[in-house]
Number of protein chains: 2
Amino acid sequence: MPQAAGRTEAAERILEAAKHLFAREGYGSVSIRDIAEAAGVSKANIFHHFASKEELYLETLRRSCEAARALLEAFREEHPCPAHQLRSFFRDDLRQASDDTDGSLLLIAEGFNAGPQRARALVEEVFGADFRRFTQVLAAGQSSEGPWRTDIDPAVVATLMIAANTFFISHREVLRQLPGVDFADDPERYADHVVDILLDGIRKEA
Amino acid sequence: MPQAAGRTEAAERILEAAKHLFAREGYGSVSIRDIAEAAGVSKANIFHHFASKEELYLETLRRSCEAARALLEAFREEHPCPAHQLRSFFRDDLRQASDDTDGSLLLIAEGFNAGPQRARALVEEVFGADFRRFTQVLAAGQSSEGPWRTDIDPAVVATLMIAANTFFISHREVLRQLPGVDFADDPERYADHVVDILLDGIRKEA
DNA sequence: ACACCAACCGATCGAACGGTCAGTGATCGT
DNA sequence: ACGATCACTGACCGTTCGATCGGTTGGTGT
């Protein structure tokens, strides 16, 4: 095991291949041989750079966490109107996830029925920050002179937005097959529709 | 391979154990030995009842599809008011998924980044019926004298509801860890909150 | 009584698994 | 010029994988 940072080009290829395969096939269905072949390196070389299959997997996870945080950080922009902020936040959220589909799939799969410890780690690393981002703008919109109802739990709205994002990324192909869905490949339109509904609901205003 | 229907008690235990393990660990991470041990039968007996690991997996899938359809069918109840219908449908949806968590997880995992063929099959077998159920009641509420806005795409609302359901089932533990979430173990409350938001949105009525 | 067949098991198969190791070639500081 | 270090490999290890095998048991029809 050489130093952690300053990866070789080969090590980088290994990580990239591992990330892709783990995200698409699942940890148990991917063998070191598969990764070696996809990365164009020898099997032994993988163990030269990473202590074990588990460690390699965890490294791809860490990377995806960092990438998600960095991208979200980069997108951050302030806007005085809570509605605009909500829309822009959700757009960013979807864009970030779309820009790193493999990483997002990896994190979603990790959260898929994870145990309490892993779920806690995941929340601390990624989901939590996202969730807080949403709940904060929601709470701001609910403040004394804010434009939003105060009898709505911000946590539910934030959950809905993360659920909408997660489903869009992880069930894209299902979405494509559903009748009447024309937004499966247009994150921005999907995001706008979702926010429109969240803001005003589907009921006619009296 | 004996007849398809009329399973032995042992075969039934095998299916049950396989369903549970596949749902929680994923296909690739579960071995025939694991299933045999969990079901309390010999490894060879599994191959006596099922042609292969793949075939066993597909059988658990088929079962979960049937169960989901049957349960949803059973819940069906009509109500004149579209809003009540939407609420009751979404409640049923969540209840059904909660009543057969393993089966739901299996189907969600199958839809997770499935290829076009598998996604199509899945839509035809389960997601499609659910989706149509939602879009129909939504379209009904949008009809000439319905109480709902006509500038909202029913497909987006239906997608949101399925996403909300899917996330609630598959990321329960993450949900438990998120700050301010007190509905992680109360599907009914979660369902009601979600429907409330979908109906009226979060914006104050002018 | 006997033939038959499904249910079931222990032992075993070749293949694939994660992981190890001795060694090679290139790049260093000295 | 030379030892040290690092990236990297082919051959190999023991284990476990999915799957098969021959064989035993118990019930059923005749």
Side-chain angles (χ1 to χ4, degrees), chain A residues 1-64 102 106 109-110 115 118, chain B residues 1-64 102 106 109-110 115 118:
Chain A
M1 227 61 41
Q3 73 278 19
R7 304 272 186 203
T8 308
E9 187 215 344
E12 213 63 50
R13 283 206 314 275
I14 293 169
L15 272 169
E16 210 56 39
K19 177 176 163 182
H20 183 71
L21 287 171
F22 283 146
R24 305 283 169 171
E25 319 279 345
Y27 181 82
S29 301
V30 176
S31 76
I32 295 285
R33 284 166 176 83
D34 294 336
I35 299 171
E37 192 172 349
V41 300
S42 74
K43 187 164 63 77
N45 195 14
I46 294 183
F47 289 100
H48 172 67
H49 288 290
F50 306 94
S52 64
K53 183 186 178 184
E54 174 97 13
E55 194 55 47
L56 172 56
Y57 170 70
L58 290 176
E59 189 57 32
T60 64
L61 259 190
R62 273 180 231 119
R63 286 222 157 184
S64 301
D102 284 342
L106 213 54
E110 175 72 10
R118 294 220 152 185
Chain B
M1 224 66 37
Q3 73 279 16
R7 304 269 185 207
T8 308
E9 186 214 344
E12 214 62 51
R13 282 207 314 276
I14 292 170
L15 271 170
E16 210 56 39
K19 176 176 164 183
H20 183 71
L21 288 172
F22 283 145
R24 305 284 169 170
E25 319 280 345
Y27 181 81
S29 301
V30 176
S31 75
I32 296 285
R33 284 167 176 82
D34 294 335
I35 300 171
E37 192 171 349
V41 300
S42 75
K43 191 162 61 78
N45 195 16
I46 293 183
F47 288 101
H48 172 68
H49 288 291
F50 305 94
S52 65
K53 184 187 178 184
E54 175 97 15
E55 193 56 46
L56 172 57
Y57 170 70
L58 290 176
E59 188 58 34
T60 63
L61 260 190
R62 273 179 230 122
R63 288 221 156 184
S64 300
D102 283 342
L106 215 53
E110 175 72 10
R118 294 218 151 185

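As the structure is a prediction and not an experimental result, all values here were calculated from the model. FYI, side chains are in, hydrogens and waters are out, and symmetry mates aren't considered; it's all heavy atoms of this structure. Letters A, B, ... mirror the listed sequences (proteins, then strands); counts begin at 1.
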A:K19 to A:Y57 six-membered ring, cation-pi geometry met (6.0 Å, 45°): no

Does A:F22 have A:K53 sitting over its ring (NZ/CZ under 6.0 Å from centre, angle to axis within 45°)? no

What's the closest nucleotide to the [X] side chain, out of [options]?
X	options	answer
A:T8	D:dG18, C:dG18, D:dC8	D:dC8
B:H48	D:dC8, C:dG18, C:dA7	C:dA7
A:F47	D:dG18, D:dG10, C:dG18	C:dG18

Just to verify, which of B:T8, B:I35, B:I14 counts as forming a side-chain contact (heavy atoms from CB on, under 4.5 Å) with B:V41? B:I14

[X] has an atom [atom1]; how far is it from atom [atom2] of [N], in whole Å?
X	N	atom1	atom2	answer
A:I35	C:dC17	CD1	C1'	13 Å
B:E55	D:dT20	CD	C1'	18 Å
A:E37	C:dC17	CD	C1'	15 Å
A:L15	D:dA7	CG	P	14 Å
B:E12	C:dC8	CD	P	12 Å
A:I46	C:dC21	CD1	P	18 Å
B:K53	C:dC17	NZ	C1'	12 Å
A:R33	C:dC17	CZ	P	5 Å

Answer yes or no: is there an ion pair linking B:R62 with B:E55, defined by an N-O contact shorter than 4.0 Å? yes

Below 4.0 angstrom from OP1 or OP2 of D:dT9, is there any side-chain N or O of A:N45? yes

Taking only the side-chain nitrogens and oxygens of B:S42, find out if one of them lies under 4.0 Å from OP1 or OP2 of C:dG10. no

Do B:S31 and B:D34 have side-chain atoms, one donor and one acceptor, less than 3.5 Å apart? yes

Relative to the 5' end of DNA chain C, which residue comes earlier, A:Y27 or A:A44, by the nucleotide with the nearest heavy atom? A:Y27

Look at all strands and tell whether B:A11 reaches a base, only sugar-phosphate, or nothing, counting heavy atoms closer than 4.0 Å. nothing

